[in-house]
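Notes to accompany the following structure.
A quick note: this is a predicted structure, and the numbers were derived from the prediction, not measured. Each residue takes its place number in the sequence, starting with 1. For the numbers below, each heavy atom of this structure counts, side chains included, while hydrogens, waters and symmetry mates do not.
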Amino acid sequence: KQEWEERSRIRADELLAIAETIKILNDDDALELFKRTLPSPSLLQLKVNAKAVSHRALELLRSGHKHDPRMDLVMLALAGRNKDFGKVLKMIDEMVLLLGREQSDDDSKKDYCES
């Protein structure tokens, strides 16, 4: 209960801060500052494809890589050509279901043996 009250208080503080921020940004002074900072209202948009993003992510992982098997798997996925893990995820889901059934069978056998 104390944790919930703390979370509620923090959430209320966050909402208050957001409301104050919106009020500041909607102020005329902020508009004038924005106009002086950016003389033209145009923004530059870059086109980035998925391959470039994957390549950049792989570079970042390699540059700060400390041997971690989980990161090795992520880097392998990023470096590979075919990144469709649909079959693997399906196999994992099937294995989880199988293990769940086996666990329930084992539990019922244990109950039978103990009685």
Side-chain angles (χ1 to χ4, degrees):
K1 182 169 171 131
Q2 182 181 3
E3 181 181 343
W4 175 254
E5 291 173 357
E6 179 69 16
R7 282 185 177 194
S8 297
R9 187 187 60 77
I10 291 173
R11 178 74 173 148
D13 290 345
E14 290 172 347
L15 290 173
L16 181 63
I18 290 171
E20 289 175 5
T21 302
I22 290 171
K23 181 180 173 186
I24 291 170
L25 291 175
N26 285 335
D27 191 35
D28 290 335
D29 294 335
L31 178 62
E32 291 301 319
L33 179 63
F34 181 73
K35 285 181 180 178
R36 280 184 284 153
T37 306
L38 295 174
S40 76
S42 64
L43 298 175
L44 178 65
Q45 181 176 356
L46 300 174
K47 181 179 179 182
V48 180
N49 61 15
K51 185 176 182 180
V53 171
S54 295
H55 183 70
R56 179 71 178 133
L58 185 60
E59 287 177 358
L60 288 172
L61 284 172
R62 284 185 178 154
S63 67
H65 181 60
K66 295 178 179 130
H67 189 69
D68 183 355
R70 296 172 297 180
M71 289 299 111
D72 290 341
L73 180 63
V74 171
M75 289 189 326
L76 180 64
L78 289 171
R81 290 194 176 106
N82 187 3
K83 296 176 184 75
D84 183 23
F85 281 97
K87 290 180 182 178
V88 174
L89 293 174
K90 182 180 176 190
M91 289 172 59
I92 290 171
D93 290 339
E94 290 172 356
M95 180 62 72
V96 168
L97 289 173
L98 176 65
L99 290 172
R101 285 192 300 264
E102 287 179 354
Q103 183 65 47
S104 64
D105 291 345
D106 290 345
D107 291 343
S108 64
K109 287 178 185 176
K110 181 181 176 191
D111 292 341
Y112 175 76
C113 290
E114 288 178 347
S115 60

Hydrophobic cluster of L98, others only, ordered by chain and residue number, side-chain cut-off 4.5 Å: M95, L99
Whether over 12 other heavy atoms sit under 6.0 Å from E3 CD: no
Salt bridge (Lys or Arg N to Asp or Glu O under 4.0 Å) between D13 and R9, intermediate numbers included: CA-CA 6 Å; D13 290 345; R9 187 187 60 77; 3.1 Å; yes
Any residue meeting side-chain hydrogen bond (donor to acceptor under 3.5 Å, both in side chains) with D106, in chain and number order, not counting sequence neighbours: none
Non-neighbouring partners of Q103 that pass side-chain hydrogen bond (donor to acceptor under 3.5 Å, both in side chains), sequence neighbours left out: D107
Test salt bridge (charged side-chain N to carboxylate O under 4.0 Å, His left out) applied to E94 - qualifying residues, sequence neighbours left out: none
Residues that, via side-chain heavy atoms closer than 4.5 angstrom, fall in one hydrophobic cluster with L16: none
Salt bridge (charged side-chain N to carboxylate O under 4.0 Å, His left out) against D93, all qualifying residues, sequence neighbours excluded: none
By side-chain hydrogen bond (donor to acceptor under 3.5 Å, both in side chains) - contacts of E20 (at least two apart): none
With sequence neighbours excluded, residues passing side chain to side chain contact (heavy atoms under 4.5 Å, CB included) with I10: E6, E14
Residues that L97 engages under side chain to side chain contact (heavy atoms under 4.5 Å, CB included), provided they are two or more places apart: R101
